[in-house]
Each structure stands twice: as C-alpha cells, then as structure tokens.
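Have a look at the structure below before the remarks.
Convention: sequence-line order gives letters A, B, ...; per-chain numbering from 1.
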Amino acid sequence: MNKDRLREWFDPQKRSLKELRELQHRAVERIDLEDGFDRIETVAGMDCSYIDKNIICAMVILDYATMEVIEKRHAIQEVGLPYIPTYLNFREGCAMASVFLQVSTRPDITIFDSCGINHPIRAGMAAYFGAVMDVPTVGVSKKILCGHAITPVNTGEYHELMQYEEQIGWVLKSNKKSNPIIIAPGNKVSMGSCLEVVQHCLKGYKLPEPTRLAHNYAGEIREELRRKTEESA
DNA sequence: GCGACAG
DNA sequence: ATCTTGTCGC
C-alpha cells in the first residue's frame, strides 16, 4: 500500500460526493465476510478525536488473551471533509491509514469506533478500511446508522440487527447502565466471530477495551495539544 | 415531501 | 465529535 494508492482510496480532496460514493461501491465489492484469520493473538482499537481543524487518530494494540497494551500510536492531520452521514470513511480514513501503516505490530483484528457493513451500501468505516487494506476488521458504534433490532434489556443480551431480510450486525447490552452497542463485521470477520471477539474484549465497560483505550488515548493527545497551544499564546 | 442520520 | 454543571443511582 503506497502513498498514491492510499490517496486514491482515502483522500476526499477535489472529489464530489458522487465520486466518493463510487469509491465506496468499488471497495464494497472486495468485502469478504468469512473469517480471514487463524488464532487471534493481538487486537487493535482505532478512534479519532478533534481539535480546531485537526483530526487526531489513535491506535492501541493489545494482547488478545490478557487485554494488556502492547503498542500505542497516533497521527494528527487537517480534516479534509466535514462530517456527512455515510461518508465518515473519507473524513477519518486518511489519518487511520496513516497510523495503521506506522505501527510495528500488525494486529490480527482491528476494531473501529464506527460502522462495518451496517451502512446503507455496506461501506461503513470498518468495512471500507478492511476491504481496502485487506485486513480483518470489526465495527462497534453507539448509535444505529441503519437497520432495526429488538432492544436488549439485560446485560449480555443481544439481538440481530436487520436490514430488510438480512442480518447486518448485532445490538448488544454490554453494560448494565449503558445503552446497547452496535456490532458488525467489517472485512474478513464473520457475523458470528465479530460478536465473539467483542464479547471477549468487554471488561465491564460499555465499549470493548481496544476502542475504549483508543478513545481515551485520542482524548489525551487532544488535551496535550490544547495545553501546548495555550501556553504559546 | 418528511424524517433519520456512525463520528 | 465537541462544549459543559449539576444530578441521580449503585
């Protein structure tokens, strides 16, 4: 994956929404919903935070068995696109790809704080990224972008997230006092496995450890950046 | 036409 | 996502 191909798939600059939609369709053709991994030894979590005109992407890699942090890395870039529902992959993709290619450990599975195939044309961030980079990915979000499901009430309870007649993910009550989270395959992870992986990564919080820690890390970088900006003013 | 809409 | 005080409940 070189710089040019990276820009080809993730850079929203100078492109119309119609062109970006076409890129999504091209990536979706590559999505594989079968497990494309052997034993899971490492899991990564990716999340972004924002400050002024910049986007901060944080990636944390953990040992799958112990959930201990192995590596952390981040990237800061200027945002290239405003938030437009269903086009999030182009707003956060550049920064995510940048960090992903910098880490020294190639995670067996990467969990994103966004949608997978539970997207109008199946091009949620996790699905798009996984298809383009050809790696196993899972999407975990807090709100439903599309589809419908029965709301789980008890901790651990889950139901299928449906769109028309097909299943596009799961809705899981991960924590007693939190709203349910939405889980979906991205690429190279089956419907059943994405649920199992996320359940394994839950440690009493609303979000699975990989994305929970990535979210915290992204926030720390933002505060650090804010502090530096303030003292130079 | 109206409402919904990941982060 | 981000801003931001108090407040309700375990």
Side-chain angles (χ1 to χ4, degrees), chain A residues 10 12 17 20-21 24 27-28 31 45-59 74-100 110-131 137-149 151 154-155 161-164 168-187 194 198 204-208 210-227 229-230:
Chain A
F10 294 105
L17 289 185
L20 296 181
R21 185 66 88 208
Q24 291 182 326
V28 168
I31 294 175
M46 298 265 259
D47 189 35
C48 297
S49 68
Y50 298 83
I51 181 168
D52 301 324
K53 301 287 183 181
N54 298 308
I55 177 172
I56 301 162
C57 176
M59 179 173 181
H74 73 275
I76 301 172
Q77 297 180 0
E78 272 199 11
V79 291
L81 190 74
Y83 169 66
I84 304 170
T86 75
Y87 291 91
L88 186 63
N89 59 312
F90 294 110
R91 177 169 165 81
E92 306 188 332
C94 278
M96 287 188 159
S98 168
V99 181
F100 192 82
T110 302
I111 302 177
F112 293 74
D113 231 68
S114 54
C115 294
I117 61 167
N118 50 333
H119 172 284
I121 65 162
R122 301 193 143 204
M125 181 68 215
Y128 187 89
F129 190 96
T137 59
V138 171
V140 173
S141 50
K142 306 166 211 68
K143 297 174 189 167
I144 292 177
L145 173 61
C146 70
H148 49 82
T151 302
N154 303 307
T155 303
L161 173 63
M162 306 294 293
Q163 182 172 40
Y164 309 120
I168 55 177
W170 305 94
V171 175
L172 164 71
K173 178 79 174 172
S174 59
N175 180 305
K176 184 177 183 181
K177 53 187 176 184
S178 307
N179 290 323
I181 57 174
I182 297 84
I183 304 163
N187 181 54
C194 73
V198 171
Y205 296 94
K206 176 175 184 174
L207 299 174
T211 49
R212 190 178 73 84
L213 296 179
H215 185 275
N216 289 167
Y217 182 37
E220 288 171 17
I221 301 299
R222 173 163 44 71
E223 292 314 310
E224 197 174 298
L225 222 58
R226 192 194 307 273
R227 188 172 54 70
T229 304
E230 285 174 352

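Side-chain atoms of A:Y87 and A:R21 form a donor-acceptor pair, as typed in the model, at a separation below 3.5 Å. For the residue pair A:E92/A:Y50, the side-chain donor-acceptor check at 3.5 Å is satisfied.
Between A:E224 and A:R227 there is no salt bridge, since no side-chain nitrogen of the basic residue lies less than 4.0 Å from a carboxylate oxygen of the acidic one.
Without hydrogens or angle criteria, A:R212 side chain to A:L207 main chain gives no donor-acceptor distance under 3.5 Å.
Atom CG in A:L207 sits about 15 Å away from atom P in B:dA6, given to the nearest Å. Separating the CD1 atom of A:I111 from the C1' atom of B:dA6 is a distance of 16 Å, rounded to the nearest angstrom. Nucleotide B:dG3 holds its C1' atom 16 Å from the NZ atom of A:K143, rounded to whole Å. Summarising the geometry, the separation between CH2 on A:W170 and P on B:dA6 is reported as 23 Å, rounded to the nearest angstrom. One interatomic measurement links the two molecules: CG of A:N118 to P of B:dC5, which rounds to 14 Å at whole-angstrom precision. One can place CE of A:M96 at 11 Å from C1' of B:dA6, the figure rounded to the nearest angstrom. Whole-Å rounding puts the A:R222 CZ to B:dG7 P distance at 15 Å. Separating the CD atom of A:E78 from the P atom of C:dA1 is a distance of 22 Å, rounded to the nearest angstrom.
In this model, the phosphate group of B:dG7 is approached by a side-chain N or O of A:K142 to a distance below 4.0 Å at OP1 or OP2. The phosphate of B:dG7 has neither OP1 nor OP2 within less than 4.0 Å of any side-chain N or O from A:H215. Phosphate contact (OP1/OP2 of C:dA1, side-chain N/O of A:R91, threshold under 4.0 Å): absent. OP1 or OP2 of C:dC3 lies within a sub-4.0 Å distance of a side-chain N or O belonging to A:R226.
For the pair A:N179 and A:K142, the minimum side-chain heavy-atom distance is 4.5 Å or more.
Nearest nucleotide to the side chain of A:L145, out of B:dG7, B:dC5, C:dT2: B:dC5. Nearest nucleotide to the side chain of A:N89, out of C:dT2, B:dA6, B:dG7: B:dA6.
Near DNA chain B, meaning a heavy atom under 4.0 Å away, there are no residues from residues 50-58 of chain A.
Distance CD1/A:I181 to OH/A:Y205: 15.0 Å, rounded to 0.5 Å.
If you check every strand for non-hydrogen atoms under 4.0 Å, A:S114 touches a base.
In this structure, A:Y83 counts as stacked on the base of B:dG7 under the 5.5 Å centre distance and 30° plane angle limits.
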